[in-house]
Amino acid sequence: MAKDKNSSSLHLLDLPWEDVLVPHILSYLPLRHILSLQRVSKPFQSLVQLYLANCRWFDSTQLGSQLPKRAFCNMLKDNSVLQRLDLRSCSDWLTDKELLPIIGQNHHLLHINLNSCVQLSRQSLVAISLSCPHLQNICLGHCEWVDCLSLRSLADHCKNLEAVDLTACRQVKDDAVCYMVSKSKRLKSLSLAVNANIGDVAVEETAKSCRDLEHLDLTGCLRVKNESIRTLAEYCSKLKSLKVKHCHNVTESSLGILRKREVDLDVEPPLQRALVLLQDVVGFAPFINLQI
């Protein structure tokens with residue numbers, strides 16, 4: 001068979017960039033590998049810039065914790081189509097100055113993860129509220145700058161919220177949670193963990209407002225008691241998991257209702273807990289024959 005004279009001159013970059021290379025090749029590569037292509041040549045650098053301008057998911061964890069601030073800002077400066085933004089690995093240096101331009105030009109964001117981004121301010125959450133009306137999932141764990149007013153703004157403007165993580169957001173109190181859940185009827189997952197301000201009022205309002213709730217994390221919410229857990233059991237028939245470890249006022253009298261429904265609980269039944277303690281003390285677990 002005669003060899004095509006032109007076949008030897010074909011290169012990867014001869015393929016259509018927007019129709020082939022970006023959607024069907026680069027989109028399947030890890031981000032760190034894509035960025036490394038910039039060192040090959042100027043045409044590859046242009047290709048990578050085209051990809052970054054059109055990517056819908058930016059995950060900083062793929063690049064580790066050494067992502068330089070200037071490189072990050074340059075990567076997303078031309079992108080206005082992001083749907084998922086995970087900036088956990090930028091927590092050491094990310095401020096409003098770097099985040100606000102990205103939020104301001106991306107109005108289609110559905111998922112945002114700012115876990116432990118402690119150098120941001122409430123201004124960032126207000127900007128997210130105003131710029132991202134379709135937001136479904138936001139993680140603000142350990143962001144102690146989240147306050148009641150910025151959380152209200154989120155609830156007022158983001159009507160499609162399905163998952164909110166407020167772990168260790170210690171400025172947030174019952175009234176702000178009540179307001180948020182009253183506006184977020186679609187909520188399926190909520191974490192209020194490690195917040196001593198959260199009590200029965202917030203949990204009961206969550207139960208009554210969010211009937212589709214599937215996952216609730218109340219770890220370390222010391223003011224939560226049995227009464228609100230019973231309300232949760234009454235109203236949230238779709239509940240799949242509940243975390244109440246270190247909630248010392250929540251006992252089996254309320255948890256037993258959920259346990260019978262096979263809700264996943266992070267607290268063991270009293271008998272099993274007693275056996276574990278006994279094993280720790282005497283070094284073995286006795287066989288017990290219980291007759292009811």
Side-chain angles (χ1 to χ4, degrees), residues 61 86 88 111 113-116 136-144 146 151 161-174 176-178 180-181 184 186-281 284-286 288 290:
T61 63
D86 188 331
R88 284 174 288 173
H111 297 254
N113 192 330
L114 298 175
N115 189 64
S116 297
Q136 296 175 357
N137 185 317
I138 185 165
C139 177
L140 299 165
H142 305 278
C143 294
E144 295 197 25
V146 176
L151 194 60
L161 289 173
E162 295 183 1
V164 178
D165 187 344
L166 298 171
T167 299
C169 293
R170 295 185 177 92
Q171 289 195 62
V172 173
K173 299 180 180 179
D174 276 350
V177 174
C178 289
M180 182 190 72
V181 297
S184 308
R186 299 183 181 184
L187 208 60
K188 294 181 179 180
S189 178
L190 175 63
S191 176
L192 302 172
V194 199
N195 188 343
N197 294 319
I198 300 301
D200 284 343
V201 173
V203 178
E204 289 181 358
E205 187 60 36
T206 298
K208 294 174 181 177
S209 298
C210 306
R211 304 294 184 90
D212 292 330
L213 193 68
E214 296 179 0
H215 307 282
L216 180 61
D217 190 347
L218 300 172
T219 303
C221 294
L222 303 179
R223 294 174 52 220
V224 173
K225 301 181 180 66
N226 283 323
E227 184 178 352
S228 62
I229 301 302
R230 293 191 187 99
T231 303
L232 191 69
E234 178 182 355
Y235 286 91
C236 297
S237 59
K238 298 180 182 179
L239 194 67
K240 295 180 180 179
S241 71
L242 173 65
K243 295 183 178 181
V244 289
K245 190 169 287 186
H246 308 303
C247 296
H248 304 303
N249 294 312
V250 176
T251 66
E252 193 64 19
S253 66
S254 62
L255 294 178
I257 304 169
L258 295 170
R259 209 181 295 281
K260 289 178 181 178
R261 283 170 28 192
E262 298 186 346
V263 173
D264 184 21
L265 303 173
D266 65 342
V267 176
E268 296 171 338
L271 176 59
Q272 186 173 347
R273 196 157 58 239
L275 290 176
V276 171
L277 291 173
L278 184 59
Q279 183 178 14
D280 289 341
V281 172
F284 69 97
I288 296 179
L290 294 178

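Sequential numbering from 1 along the given sequence is applied to the chain's residues.
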Ignoring hydrogens and angles, tell me if any N or O in the side chain of [X] forms a donor-acceptor pair with the backbone of [Y] under 3.5 Å.
{"X": "D200", "Y": "K225", "answer": "yes"}
{"X": "E214", "Y": "K238", "answer": "no"}
{"X": "N195", "Y": "C169", "answer": "yes"}
{"X": "N115", "Y": "H142", "answer": "no"}
{"X": "R223", "Y": "N197", "answer": "yes"}

**Study point:** Pair D212 + K188: basic N to acidic O under 4.0 Å
**Key:**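 Answer for the salt bridge query: no.
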
**Study point:** Salt bridge present between R186 and E162 (N-O < 4.0 angstrom)
**Key:**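 The answer is no: the pair does not qualify as a salt bridge.
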
Taking all non-hydrogen atoms of both residues, which atom of [X] and which atom of [Y] are closest, and how far apart?
{"X": "G220", "Y": "C247", "value": "N-SG, 4.0 Å"}
{"X": "C210", "Y": "C236", "value": "O-SG, 3.6 Å"}
{"X": "S191", "Y": "T167", "value": "OG-OG1, 2.6 Å"}
{"X": "L258", "Y": "L239", "value": "CD2-CD2, 4.1 Å"}
{"X": "C139", "Y": "D165", "value": "SG-OD2, 3.6 Å"}

I want to check something: taking the side chain as every heavy atom from C-beta on, are [X] and [Y] in contact at a cut-off of under 4.5 Å?
{"X": "N113", "Y": "T61", "result": "no"}
{"X": "V224", "Y": "V250", "result": "yes"}
{"X": "L213", "Y": "L232", "result": "yes"}
{"X": "D266", "Y": "T219", "result": "yes"}
{"X": "L190", "Y": "M180", "result": "yes"}
{"X": "R170", "Y": "V194", "result": "yes"}

[atom1] of [X] to [atom2] of [Y]: how many Å apart, nearest 0.5 Å?
{"X": "S116", "Y": "E144", "atom1": "OG", "atom2": "CD", "answer": "10.0 Å"}
{"X": "K243", "Y": "L192", "atom1": "NZ", "atom2": "CG", "answer": "13.0 Å"}
{"X": "L255", "Y": "E268", "atom1": "CG", "atom2": "CD", "answer": "12.5 Å"}
{"X": "K173", "Y": "I198", "atom1": "NZ", "atom2": "CD1", "answer": "10.0 Å"}

Point to revise | Donor-acceptor pair between S237 and R261 side chains, under 3.5 angstrom | key: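 No.
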
Check your understanding: For E204, which of C178, S228, S209 qualifies under side chain to side chain contact (heavy atoms under 4.5 Å, CB included)?
Key ->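 In the set C178, S228, S209, the residue that makes a side chain to side chain contact (heavy atoms under 4.5 Å, CB included) with E204 is S228.
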
**Study point:** Steps toward side-chain contact (heavy atoms from CB on, under 4.5 Å) verdict (I229, L218)
**Key:** CA-CA 10 Å; I229 301 302; L218 300 172; 4.1 Å; yes

Practice item. Give a yes or no on whether H111 atom NE2 has more than 12 heavy-atom contacts from other residues, nucleotides or ligands under 6.0 Å away. Key: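 Yes.
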
Practice item. Not counting sequence neighbours, which residues clear side chain to side chain donor-acceptor pair (under 3.5 Å) with S241? List them please. Key: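 Partners of S241 by the side chain to side chain donor-acceptor pair (under 3.5 Å) criterion, ordered by chain and then number, come out as H215.
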
**Study point:** Chi angles and distances behind the side-chain contact (heavy atoms from CB on, under 4.5 Å) call for V172, V177
**Key:** CA-CA 7 Å; V172 173; V177 174; 3.7 Å; yes

Practice item. Begin with the C-alpha distance, continue with both residues' side-chain angles, and end with the deciding distance and a verdict on side-chain contact (heavy atoms from CB on, under 4.5 Å) for R230 and I257. Key: CA-CA 8 Å; R230 293 191 187 99; I257 304 169; 4.2 Å; yes

Point to revise | Worked verdict on L187 versus V164 for side-chain contact (heavy atoms from CB on, under 4.5 Å) | key: CA-CA 8 Å; L187 208 60; V164 178; 3.8 Å; yes

